[in-house]
Amino acid sequence: MDQYKRLSQDFYNNDTLTVSKRLLGKRVVRNLNGVILEAMIVETEAYIGTIDAAAHSYRGMTDRNKIMWEDGGRLYVYQIYGMYFCMNVITEPRGTPAGVLIRAVEPLQNIDTMARLRKIDLSKTKPIALTSGPGKVCQALGISKADYGTNLIIDNNITITEYKDINQSQIAISPRINIDYAPEAAKNPWRFFIKDNPYVSRHKNNSRLF
DNA sequence: ATCAAGATTACCT
DNA sequence: GGTAATCTTGATA
């Protein structure tokens with residue numbers, strides 16, 4: 001590791017909306033068999049346990065979502081549509097199920113390896129296609145269900161560190177993406193992203209800045 | 001045992 | 001703008 005500090009247990013054992021905002025500008029460090037992939041978080045969504053009909057934890061504990069009841073700083077990985085994975089950073093102390101979906105990152109190091117994992121030829125396709133969406137993020141960083149439950153505070157395969165200071169004026173807020181199955185919850189402005197960052201997933205909701 | 005649905009993406013017109 | 005791809009999971013019987 002270099003000069004940037006890992007985020008602490010206290011960082012994660014916190015209010016989910018606060019953690020969602022504070023994760024912007026932080027750096028994901030992924031050790032993939034000795035190859036270090038690094039990327040900055042640029043887009044997040046909060047999923048808030050028992051009050052949020054869009055959250056997997058809303059209807060209680062299952063085999064899939066049980067990690068959400070653990071302490072913050074754990075990794076919740078699930079498969080979607082039979083072919084993609086999504087990664088969530090668990091928040092709040094043990095017993096309170098909540099997490100933050102990492103929707104987009106900006107590649108920083110070993111971008112060629114990310115392109116290979118994404119099966120993208122960077123001479124033909126724009127680099128923003130690499131990591132501008134939750135399924136793309138996991139594919140580019142080689143994250144799958146094998147990483148379910150990773151402890152970001154002590155584990156060496158995946159961690160998150162300080163990186164760039166993002167102030168409030170650089171953060172845009174919108175409703176969350178693709179949660180039509182929970183129309184009431186979809187009204188909550190619980191998506192956060194860095195304004196004008198090219199890696200933020202493109203969507204009509206981007207125009208609604210609070 | 002069966003079955004519908006999904007915190008998505010790539011590709012098509 | 002629209003839709004196919006693809007399969008684990010959770011709910012119901």
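We use all heavy atoms of the structure for the numbers below, so side chains are in, but hydrogens, waters and symmetry mates are not. None of the values given here were measured: they were computed from a predicted structure.
- Counted by atom type alone, A:Asn13 and A:Asp71 present one or more donor-acceptor pairs between their side chains at under 3.5 Å.
- Annotation for A:Val100 and A:Ser20: closest pair CG2-OG, 3.3 Å, computed over non-hydrogen atoms.
- Against DNA chain B, the stretch residues 110-126 of chain A makes heavy-atom approaches under 4.0 Å through A:Arg118.
- For the pair A:Val137 and A:Thr131, the tightest heavy-atom approach, listed with the atom from each and the gap, is CG2-O, 3.5 Å.
- For DNA chain C, if you chain together Watson-Crick or G-U pairs that step i with j, i+1 with j-1 and so on, the runs of at least three with distances under 3.5 Å are B:1-6 with C:7-12, B:8-12 with C:1-5.
- Remark on DNA chain B: of its neighbouring residues A:Asp180 and A:Ser132, the 5'-side contact belongs to A:Asp180, judged by nearest-heavy-atom nucleotide.
- Note: A:His56 and A:Tyr78 meet the aromatic proximity criterion, with ring centroids under 6.0 Å apart.
- Within the 4.0 angstrom heavy-atom criterion, only backbone atoms of the sugar-phosphate kind lie near A:Ile179; the bases stay farther away.
- A cation-pi arrangement is not found for A:Arg74 relative to A:Tyr12, the charged atom failing to lie both closer than 6.0 Å to the ring centre and inside a 45° cone about the ring normal.
- When the nearest nucleotides of DNA chain B are assigned to A:Gly135 and A:Ile80 by heavy-atom distance, the more 5′-ward of the two goes with A:Ile80.
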The contact string for nucleotides 3-13 of chain C, one letter per nucleotide 5' to 3', using protein heavy atoms under 4.0 Å with B, S and - for base, sugar-phosphate only and none, comes out as --BBBSSS---
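- One interatomic measurement links the two molecules: NZ of A:Lys136 to P of B:dA7, which rounds to 18 Å at whole-angstrom precision.
- For A:Asp15 (side chain) and A:Leu17 (main-chain N/O), a donor-acceptor pair under 3.5 Å exists by modelled atom type.
- One finds no side-chain N or O of A:Asn178 lying less than 4.0 angstrom from the OP1 or OP2 phosphate oxygen of B:dA7.
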